[in-house]
Amino acid sequence: MHRWFVLLGLVGCVGPSESGGAIDDPPDAATVDPSPLALPLAPPSPAANPTSPAKVALGRLLFWDPILSGDRTLACATCHHPQFGYSDGRQTSIGVVRNAPTILDAAWNGAVLDQPVPTCEDAPMFWDNRARSLEGQARGPLTTPAEMLGTSYTSETIFPELIARLAAIPAYAAQFDAVFGGITETAILQAIAAFERTLTNPGTSYDRYVNGDTTALTAQQQRGLAVLSDNHCTNCHSGPMFSDYALHDLRVPDLPNATHDAGDGSNRFRTQTLRNITHTGPYMHDGVFANFQQVFQFYRQATQNPIDPKLRGVRTPSPQEAPDVIAFFAALGDSPFDASIPQAVPSGLPPGGTP
């Protein structure tokens, strides 16, 4: 019997799921409701920002259009590109000292064990949980000088500038009028967030497995899942998103010659989701580890004298177990997701920007 109960969690934004106690080897999928361990097939839609095809289409263009950056060179997609699982493949992103977290499946951020299901409006964002909701996440880079804001504008002046830019482009003016009745700061953020909520990756081998398809995971992947449970990695990597969304001080090493990043101010950073982890390296908040072997080696040292109590009792996968765990990681991101890139955006600028 697999220890499914240690992974049990509820998925946010669509209301709580009914669940019992421990989950044994999954029964036939045709006879059961979807597991609370699996991601739903449909993305959430918050009451304050209901999804519509027209809103998503507008948000997609804004996501790729560098017109939203102060100097018109960076787009949201610059640091969240489908080639890298909607991260950017860099250790630290342009202008900042942190690795770009993926926004793939970020619609489900905050789905954790033994706590009330978060609403979409309260979903935690960024490595230090400093923002809530995808609307809040979208606002962050637009108003940060080191990111898309630049130095020519301030957080108070950038949105009047962006509204004027968009209003001067007939295609944008028409779409905003049709979807929102006009161009406002709220409309810009809601359109981007609506598109980002469609960037989900359900239906992975793992999702099919916990929903009852006992053939969805290979024997090796099933062994890897068992290792995560037996070694208590699920102290933090739990629930449908394989993250507790809590902040932890792990004393991850700084990049050479880099300014120390204190996270939330106390050297704490959020547990990285394991969803789509094979697409989103390098790893940790500063991208200091290039591969899983380096991550495992770090944890072998970190668990010897742990600062964070959640690391007590955790055992790093052995060299013999590591291939099984990595094989299981692949099962958390092996279903298709929207990797399309628009051929053009209404501003006429290069889609994705020119960093």
Side-chain angles (χ1 to χ4, degrees), residues 1-11 22-23 25 35-39 99 101-102 105 108-115 127 204-207 209-210 217-253 268-285 288-334:
M1 180 177 71
H2 294 299
R3 293 170 176 80
W4 294 105
F5 62 92
V6 299
L7 298 174
L8 183 59
L10 297 175
V11 178
I23 300 178
D25 289 337
S35 170
L37 295 172
L39 293 185
N99 179 264
T102 177
D105 289 332
W108 308 113
N109 277 8
V112 299
L113 293 168
D114 303 324
Q115 294 183 25
W127 279 104
T204 66
S205 296
Y206 168 76
D207 293 310
Y209 187 64
V210 295
L217 293 184
T218 67
Q220 183 183 32
Q221 289 170 331
Q222 292 182 47
R223 292 195 303 269
L225 174 57
V227 168
L228 290 181
S229 174
D230 294 341
N231 292 14
H232 304 289
C233 303
T234 48
N235 285 1
C236 299
H237 294 289
S238 58
M241 287 291 287
F242 286 80
S243 173
D244 60 3
Y245 288 94
L247 302 177
H248 300 278
D249 181 2
L250 303 181
R251 299 297 165 93
V252 174
R268 299 186 307 167
F269 298 88
R270 188 175 78 190
T271 302
Q272 186 169 8
T273 176
L274 298 183
R275 288 277 179 176
N276 304 295
I277 195 72
T278 57
H279 301 303
T280 57
Y283 304 107
M284 314 307 272
H285 71 270
V288 68
F289 302 131
N291 53 53
F292 295 126
Q293 288 76 14
Q294 292 179 4
V295 174
F296 294 157
Q297 179 59 36
F298 165 75
Y299 276 107
R300 288 189 187 97
Q301 299 170 354
T303 54
Q304 295 303 308
N305 186 24
I307 298 171
D308 191 286
K310 283 292 189 74
L311 285 180
R312 294 170 187 163
V314 172
R315 186 174 68 82
T316 305
S318 69
Q320 293 73 34
E321 295 169 329
D324 296 343
V325 173
I326 295 171
F328 173 68
F329 287 166
L332 293 173
D334 61 359

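Along the sequence shown, residues carry numbers from 1. Because the structure is predicted, anything quoted here is derived from the model rather than measured.
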Check your understanding: So do the side chains of V288 and V252 get within less than 4.5 Å of each other, counting heavy atoms only?
Key -> yes

Revision key, fill the gap. Smallest heavy-atom separation, N99 atom then M284 atom, equals CB-O, 3.5 Å

Check your understanding: Hey, does H237 have a side-chain heavy atom less than 4.5 Å from the side chain of L228?
Key -> no

Practice item. Please list, chain by chain and in numerical order, all residues satisfying ring pair (Phe, Tyr, Trp, His ring centres under 6.0 Å) with H248, sequence neighbours excluded. Key: none

Revision key, fill the gap. Contacts satisfying salt bridge (Lys or Arg N to Asp or Glu O under 4.0 Å) that involve residues 269-283 (not counting sequence neighbours) are D207-R275

Check your understanding: Regarding Q222 and Y209, is there a side-chain donor-to-acceptor distance under 3.5 Å anywhere?
Key -> yes

Review point. With sequence neighbours left out, what residues match V295 under side-chain contact (heavy atoms from CB on, under 4.5 Å)?
Key: Y283, F289, Y299

Exercise for review: Would you mind listing every salt bridge (Lys or Arg N to Asp or Glu O under 4.0 Å) that reaches into residues 296-311, with sequence neighbours excluded?
Suggested key: D244-K310

Practice item. Could you tell me which residues satisfy side chain to side chain donor-acceptor pair (under 3.5 Å) with S205, sequence neighbours excluded, listed by chain and number? Key: R208, D334

Study note, to complete from the structure: With sequence neighbours left out, the residues meeting ring pair (Phe, Tyr, Trp, His ring centres under 6.0 Å) with H232 are none

Exercise for review: For N276, check side chain to side chain donor-acceptor pair (under 3.5 Å) against everything at least two apart and list the hits.
Suggested key: D105, N201

Practice item. List in chain and number order the residues that pass ring pair (Phe, Tyr, Trp, His ring centres under 6.0 Å) with F296, two or more places apart in sequence or in another chain; answer none if no residue qualifies. Key: none

Exercise for review: With sequence neighbours excluded, tell me which residues meet side-chain contact (heavy atoms from CB on, under 4.5 Å) with P101.
Suggested key: W127

Practice item. Report yes if the side chains of I277 and L332 come closer than 4.5 Å at any heavy-atom pair, otherwise no. Key: no

Check your understanding: Is there side-chain contact between Y206 and F242, with heavy atoms separated by less than 4.5 Å?
Key -> yes

Exercise for review: Apply ring pair (Phe, Tyr, Trp, His ring centres under 6.0 Å) to Y245 and list each qualifying residue two or more places apart in sequence or on a separate chain.
Suggested key: none

Review point. Can you find a pair of side-chain heavy atoms, one from F269 and one from L247, that are under 4.5 Å apart?
Key: no

Review point. Looking only at heavy atoms, what is the nearest atom pair of R315 and E321, with distance?
Key: NH2-OE2, 2.9 Å

Practice item. For V210 and S35, work out which heavy atoms get closest and say how close. Key: O-CB, 3.3 Å

Point to revise | Residue pair A290 / P282: nearest heavy atoms and the distance that separates them | key: CA-CB, 4.2 Å

Exercise for review: Could you tell me which residues satisfy side chain to side chain donor-acceptor pair (under 3.5 Å) with Q220, sequence neighbours excluded, listed by chain and number?
Suggested key: D324

Practice item. Could you pull out all residues at least two apart from Q301 that satisfy side chain to side chain donor-acceptor pair (under 3.5 Å)? Key: none

